[in-house]
Student: 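Have a look at this one before I ask anything.
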There are 2 protein chains.
Amino acid sequence: MPRPKQALLSRERIIAAATALIDAEGLAAVSTRRLAAELGVRGPSLYNHFATKDEILDAVADSIAAQVEIGMFATEPWQKALKAWGHSYRTALAAHPNIVPHLAQGPGRRPGALRMADAVYGGLVREGWPPARATHIGALMRYFVAGSALGSFARGFVEDPTFYAEDYPHLTQAHRLPEHQRSVDEGAFTLGLDALIDGLTLTYDQFGYGKNLRR
Amino acid sequence: MPRPKQALLSRERIIAAATALIDAEGLAAVSTRRLAAELGVRGPSLYNHFATKDEILDAVADSIAAQVEIGMFATEPWQKALKAWGHSYRTALAAHPNIVPHLAQGPGRRPGALRMADAVYGGLVREGWPPARATHIGALMRYFVAGSALGSFARGFVEDPTFYAEDYPHLTQAHRLPEHQRSVDEGAFTLGLDALIDGLTLTYDQFGYGKNLRR
DNA sequence: TTTATAAAACTAACGGCGCTAGTTTAATCG
DNA sequence: CGATTAAACTAGCGCCGTTAGTTTTATAAA
């Protein structure tokens, strides 16, 4: 088949199909031939739209980062903004855990990830955090969110109830974690995010970072 | 070459060579042929010692998890233990960031990771944390540590000083992050870990979890 | 309107991949 | 001592990312 009258592919269609395939079968299932087959074409046709397979994964990662809400940093106090952003960020990443290792390599030149970094840093500095600390907070939030989306804690344990008894005396109930996966992972994330913000508030108040703000 | 008088390979030698290769050139550089070449043999010989390439990666991951110190949970107050463990855990993982995505899939049946989970959970419960909360704390700590080791925050930014000016008004200094990589990443991790523990201490005190302990 | 160029699909093929089967020889067990 | 197991090997399967070159269509230039 030579060039068709209506293009079969577009960057958007490729990104959507790659995202679906990554979610359904993991990063390892994404080959150019397989992805092309999902789109009804042959493998090399993808190279008319992306230079490499890695560029496709970059585009998938950025389309996910672009879905994270960041407007709250322009309007809300930093604690409220950080909490809302953290939940939005985690929701976006946890919906696509298989791409997280790729996404966590940093923003690079991807506009979605860069707009997020810009909004977070700008919002924290506006609220009185020293620039170096604002950088640290942006970093540690990415650590926490990426780590929580990377792999479910609860699903990491074996479901065989007899497996732990002998060698791991405190893990006798660990086989029950997978069946409560969502509540364990969300409970852990919420506990951690709240603790982080409480702990940062102690520092913020202790050093009086908020005392020169007009509100 | 048929069976040699002295075996050329062992599980330990393979794990060591795989770790070195992963650290030096990344997960993608590890092919059975390449790894075998580093060991002076041909690819298929590895299958006399491991059933699949994935089992090799599992063994690498567990040898790293086994290096994390966990003795403090038997002797120290939970805050001090959590802080020391967090730093030891991060040190071990950050030395091998390329294997973190594999490691963060959970302990599975790997003894090193399971001993760690057992010690952490047991220590927290002994200090009065309710079992569900102890699980959450183990989980959120893994989130934070794995996320921090997964990808350097500071190295994720482009070094070109003109790149950010136009579109990202708050990131005008971001091009300087990579040159301060270690201090930024360690500063962010320490700030976050301290904040987490401070925040958890508020909860611990508020609910009086420590009030029935004999010390 | 004609002509030139660029775009988007294709086929064929290269070297590398994980892994299996079958072979050879040495070590070990009964 | 004979039988079995272990540890290296070679050959090869089907899949991988990517490149080169082909064909046809859409678009831009003259």
Side-chain angles (χ1 to χ4, degrees), chain A residues 1-62 98-99 101-103 105 108 110, chain B residues 1-62 98-99 101-103 105 108 110:
Chain A
M1 185 201 305
R3 175 170 186 173
K5 313 201 171 182
Q6 253 297 59
L8 302 176
L9 297 179
S10 66
R11 289 177 67 95
E12 288 66 32
R13 279 201 71 213
I14 294 170
I15 292 169
T19 304
L21 188 52
I22 289 168
D23 292 344
E25 306 187 29
L27 256 192
V30 182
S31 72
T32 55
R33 287 167 178 83
R34 173 71 196 281
L35 175 57
E38 301 280 336
L39 289 158
V41 300
R42 306 295 184 136
S45 299
L46 298 172
Y47 289 85
N48 287 316
H49 301 268
F50 289 93
T52 64
K53 177 183 163 182
D54 219 59
E55 269 193 18
I56 299 177
L57 301 182
D58 273 2
V60 170
D62 205 49
N98 298 326
I99 195 69
H102 206 86
L103 208 148
Q105 297 311 305
R110 297 182 300 216
Chain B
M1 185 201 304
R3 176 172 186 171
K5 315 203 169 181
Q6 253 299 58
L8 302 177
L9 296 180
S10 67
R11 288 177 67 95
E12 289 67 31
R13 279 201 70 214
I14 293 170
I15 292 169
T19 304
L21 188 52
I22 290 167
D23 291 345
E25 305 186 30
L27 256 191
V30 182
S31 72
T32 55
R33 288 166 178 83
R34 173 72 194 280
L35 175 57
E38 301 280 335
L39 289 159
V41 300
R42 306 296 184 130
S45 300
L46 298 171
Y47 289 86
N48 287 316
H49 302 266
F50 289 93
T52 63
K53 176 184 163 182
D54 219 59
E55 270 194 18
I56 300 177
L57 300 182
D58 273 2
V60 170
D62 205 50
N98 298 325
I99 194 70
H102 206 87
L103 209 147
Q105 296 310 305
R110 297 183 301 218

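Every chain is numbered from 1 and lettered A, B, ... according to where its sequence line falls, protein lines coming before strand lines. Just so it is clear, the model here is predicted, and its values are computed rather than measured.
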Student: For nucleotides 8-11 of chain D, list the nitrogen or oxygen atoms of the protein found under 3.5 Å from its nitrogen or oxygen atoms, one pair per line.
Tutor:
{"unit_1": "D:dA8", "atom_1": "OP1", "unit_2": "B:L8", "atom_2": "N", "d": "2.4"}
{"unit_1": "D:dA8", "atom_1": "OP1", "unit_2": "B:L9", "atom_2": "N", "d": "3.1"}
{"unit_1": "D:dA8", "atom_1": "OP2", "unit_2": "B:H49", "atom_2": "NE2", "d": "2.8"}
{"unit_1": "D:dA8", "atom_1": "N7", "unit_2": "B:N48", "atom_2": "ND2", "d": "2.9"}
{"unit_1": "D:dC9", "atom_1": "OP2", "unit_2": "B:R42", "atom_2": "N", "d": "2.9"}
{"unit_1": "D:dC9", "atom_1": "OP2", "unit_2": "B:S45", "atom_2": "OG", "d": "2.5"}
{"unit_1": "D:dC9", "atom_1": "O4'", "unit_2": "B:M1", "atom_2": "O", "d": "2.8"}

Student: For D:dT25, does OP1 or OP2 lie under 4.0 Å from any side-chain N or O of A:K5?
Tutor: no
Student: Using modelled atom types and a 3.5 Å cut-off, is there a donor and acceptor pairing between side-chain atoms of A:R42 and backbone atoms of A:A36?
Tutor: no
Student: In whole angstrom, what separates B:R11's CZ from D:dA6's C1'?
Tutor: 15 Å
Student: Using a 4.5 Å cut-off on heavy atoms from C-beta on, say whether the side chain of B:L39 contacts that of B:L46.
Tutor: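 Touching, per the 4.5 Å side-chain cut-off.
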Student: Check whether any side-chain heavy atom of B:D62 lies under 4.5 Å from a side-chain heavy atom of B:L103, and answer yes or no.
Tutor: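 They are not in side-chain contact.
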Student: Taking B:N98 for the side chain and B:L27 for the main chain, is one N or O donor matched with an acceptor at less than 3.5 Å?
Tutor: no
Student: State whether the side chain of B:S45 and the backbone N or O of B:V41 hold a donor-acceptor pair below 3.5 Å, judged by distance alone.
Tutor: no
Student: Just to verify, which of B:L57, B:D58, B:I14, B:T32 counts as forming a side chain to side chain contact (heavy atoms under 4.5 Å, CB included) with B:F50?
Tutor: B:I14
Student: What integer distance in Å separates B:R13:CZ from D:dA7:P?
Tutor: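 It is 14 Å, rounded to the nearest whole Å.
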Student: Separation of B:L39 atom CG from D:dA7 atom C1', in whole Å?
Tutor: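 Between C1' of D:dA7 and CG of B:L39: 14 Å.
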Student: What nucleic acid atoms does A:T32 come within less than 4.0 Å of, heavy atoms only: base, sugar-phosphate, or nothing?
Tutor: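 Base: the residue A:T32, judged by heavy atoms under 4.0 Å, touches a nucleobase.
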Student: I need the CG-C1' distance between A:L35 and D:dT18, as an integer number of Å.
Tutor: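 Taking atom C1' of D:dT18 as the reference, CG of A:L35 is at 15 Å.
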Student: What is the distance, rounded to the nearest whole Å, between atom CD1 of A:I56 and atom P of D:dC16?
Tutor: 14 Å
Student: Please state how far atom NZ in B:K53 lies from atom P in C:dT20, giving the value in whole angstrom units.
Tutor: 14 Å
Student: Counting only side-chain N and O atoms of B:S31, is one of them less than 4.0 Å from OP1 or OP2 of C:dC17?
Tutor: yes
Student: For A:L46 and C:dA7, what is the distance between atoms CG and C1' respectively, to the nearest whole Å?
Tutor: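 Taking atom C1' of C:dA7 as the reference, CG of A:L46 is at 15 Å.
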Student: Evaluate the criterion side-chain contact (heavy atoms from CB on, under 4.5 Å) for residue pair A:V30 and A:I56; output intermediate values, then yes/no.
Tutor: CA-CA 10 Å; A:V30 182; A:I56 299 177; over 6 Å; no
Student: Give the rounded distance in Å between these two atoms: OH of A:Y47 and P of C:dC10.
Tutor: 14 Å
Student: When we call it a touch if two heavy atoms are under 4.0 Å apart, what does B:R34 touch: a base, just sugar-phosphate, or nothing?
Tutor: nothing
